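For reference, the structure is listed below as structure tokens.
Just so you know, these numbers come straight off a predicted model, no measurement behind them. A, B, ... follow the sequence lines: proteins, then strands. Residue 1 opens every chain.
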2 protein chains.
Amino acid sequence: MKEGPDIARIATLIGDPARANMLMALMGGQALTATELAGAAGVTLATASAHLSKLEDGGLLTQRKQGRHRYFALADSAVAGLLEDLAGLAATRGHLRHRPGPRDPALRRARICYDHLAGDFGVRMLDSLIERGAILEEGEALALTGSGHRFFCEMGIDAEALKTPRRPLCRACLDWSERRSHLGGTLGKALFDHIMAEGLARREPDSRAIRFTREGERRFLALFPVQDADAA
Amino acid sequence: MKEGPDIARIATLIGDPARANMLMALMGGQALTATELAGAAGVTLATASAHLSKLEDGGLLTQRKQGRHRYFALADSAVAGLLEDLAGLAATRGHLRHRPGPRDPALRRARICYDHLAGDFGVRMLDSLIERGAILEEGEALALTGSGHRFFCEMGIDAEALKTPRRPLCRACLDWSERRSHLGGTLGKALFDHIMAEGLARREPDSRAIRFTREGERRFLALFPVQDADAA
DNA sequence: GGGATGCTTCGGTTACCATCGAAGCATGAA
DNA sequence: TTCATGCTTCGATGGTAACCGAAGCATCCC
């Protein structure tokens, strides 16, 4: 009743459906305007504005003025990590939203999770990295191996430079659609950036879905092979 | 409004102050009765009962009937992990509860965090393990080294046996009082169990505080030395 | 300047839900 | 059986906060 941090305050902020929708929309990693977020949440601009100032006061969001626009983004990767965990937990407890919309299949296949790849493709990528011995899986924790170091070097990714005090290099992020882990952390982000830079895929507008090109999918599957080739 | 898991539902459950207090009380790791939880939350039994069934429906709690008592506990370590993260985030955003009660200093010093040691002593323990090279810190991620393996073996802890698919061996858990990490995961639990089994400390009744004996504190400090000896 | 766009503030309405006391039900003790 | 304890259910109450439309303020464009 007295000691410790006030978790209820943060949880209440996330607990409102409109605010939760806004936060999930920002898991796309891009900063969005108040109007865009109002649309994502399905409320009027007036309501959205009130929500956004609450989220900002609560330290979950940051705001940047740019001309007459106001861009909002998640405050930092700690907030994104919390939302990921929350989504993972909600998925395992069966708290799915009622209407899986028409573009849901695309989201299950490949989507962006704040700044890294999630969905079927994301899970496959981590599986492949573990199979090849690039990443060591110890329970839920992930560690980069020496051979993994070399593998990423060949792709032009310097894993050593990705180590930061603020954020883990490898992070297991529970995937809500697959209910298995995909790769987050700075390495997960670097790999996603690599995929986009190489033009293997592009983002769907106004969605977190990622669409691979035919050629991009071929190269992705070749780069990250897995043992048992099952097709859905 | 459409895709993905319903994070708002889980967050709403945690977002009510009474329910948050109950959950934090259960972070002590022990199962508690409905009456005890009502006391912890500061509500009547009727109100508590309603909250508890919501939490159980939401999959955050499990219930065990035992005679005419009903014992509640956190559903699993995933829930505990989420609450830890939430508390860590709340602490860094300055969302502290208003009245740091009289026993607050004892909590800052040493307390239980679901099933492992937290507070000043918990942070010191992890610092010491990193200094001695038993645990490798890569950003926010933690990994056990070979020398750490041997060190824990000498204490009678077989780290190999602690690896589980469900839960990480080492987990960095942001400490709300120190704002630095302490050691969670199955290894963190094993070390805490070791400390209690050796009689270095005992639990305060009705609190998450851990009180070290004079001799226990001496042995703890000898076992986990740190470089710069600063005293509060 | 005049007009359009983006957002915030204000006032009022509505709906939900936390809360409690009292009554009901189950379990265990005498 | 009879009583006590632990908890749930019921019904009623109250406060909080989400919501919207309209008005106000700021920024940019012409």
[atom1] of [X] versus [atom2] of [N]: gap in Å, rounded?
{"X": "A/Tyr71", "N": "C/dT5", "atom1": "OH", "atom2": "C1'", "value": "13 Å"}
{"X": "A/Ile14", "N": "D/dA17", "atom1": "CD1", "atom2": "C1'", "value": "18 Å"}
{"X": "A/Arg9", "N": "D/dA17", "atom1": "CZ", "atom2": "C1'", "value": "16 Å"}
{"X": "A/Leu37", "N": "C/dG6", "atom1": "CG", "atom2": "P", "value": "14 Å"}
{"X": "A/Asn21", "N": "D/dA18", "atom1": "CG", "atom2": "P", "value": "14 Å"}
{"X": "B/Met22", "N": "C/dA18", "atom1": "CE", "atom2": "C1'", "value": "11 Å"}
{"X": "B/Phe72", "N": "D/dG6", "atom1": "CZ", "atom2": "P", "value": "15 Å"}
{"X": "A/Asp16", "N": "C/dC17", "atom1": "CG", "atom2": "C1'", "value": "14 Å"}

DNA chain D: 5'-proximal contact among A/Arg19 and B/Thr35 (nearest heavy atom):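 Residue closer to the 5' terminus by nearest nucleotide: B/Thr35.
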Using a strict cut-off of less than 4.0 Å between a Lys/Arg side-chain nitrogen and an Asp/Glu carboxylate oxygen, indicate whether [X] and [Y] qualify as a salt bridge.
{"X": "A/Lys189", "Y": "A/Asp193", "answer": "yes"}
{"X": "A/Lys163", "Y": "A/Asp158", "answer": "no"}
{"X": "B/Glu198", "Y": "B/Arg219", "answer": "yes"}
{"X": "A/Arg171", "Y": "A/Glu84", "answer": "yes"}
{"X": "B/Arg93", "Y": "A/Asp57", "answer": "no"}

Worked check of salt bridge (Lys or Arg N to Asp or Glu O under 4.0 Å) between B/Asp16 and B/Lys54: CA-CA 11 Å; B/Asp16 178 82; B/Lys54 285 182 190 179; over 6 Å; no
Nucleotides 24-30 of chain C: protein proximity per nucleotide (B base, S sugar-phosphate only, - neither; heavy atom, under 4.0 Å): ---BS--
Among [options], which is the nearest nucleotide to the side chain of [X]?
{"X": "A/His69", "options": "C/dC7, D/dA18, D/dC7", "result": "C/dC7"}
{"X": "B/Val43", "options": "C/dT8, D/dC7, C/dT19", "result": "C/dT19"}
{"X": "A/Arg70", "options": "C/dA18, C/dT8, C/dT19", "result": "C/dT8"}

Any donor-acceptor N/O pair, A/Arg9 side chain to B/Ala90 backbone, under 3.5 Å: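 No; zero donor-acceptor contacts below 3.5 Å.
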From CA spacing to verdict: side-chain contact (heavy atoms from CB on, under 4.5 Å), B/Arg203, B/Met196: CA-CA 9 Å; B/Arg203 299 196 54 164; B/Met196 300 307 278; 3.7 Å; yes
Neighbours of DNA chain C within residues 44-56 of chain B, by heavy-atom distance under 4.0 Å: B/Thr44, B/Ala46, B/Thr47, B/His51, B/Lys54
Side-chain donor-acceptor pair present, A/Arg111, A/Ser177, cut-off under 3.5 Å: yes
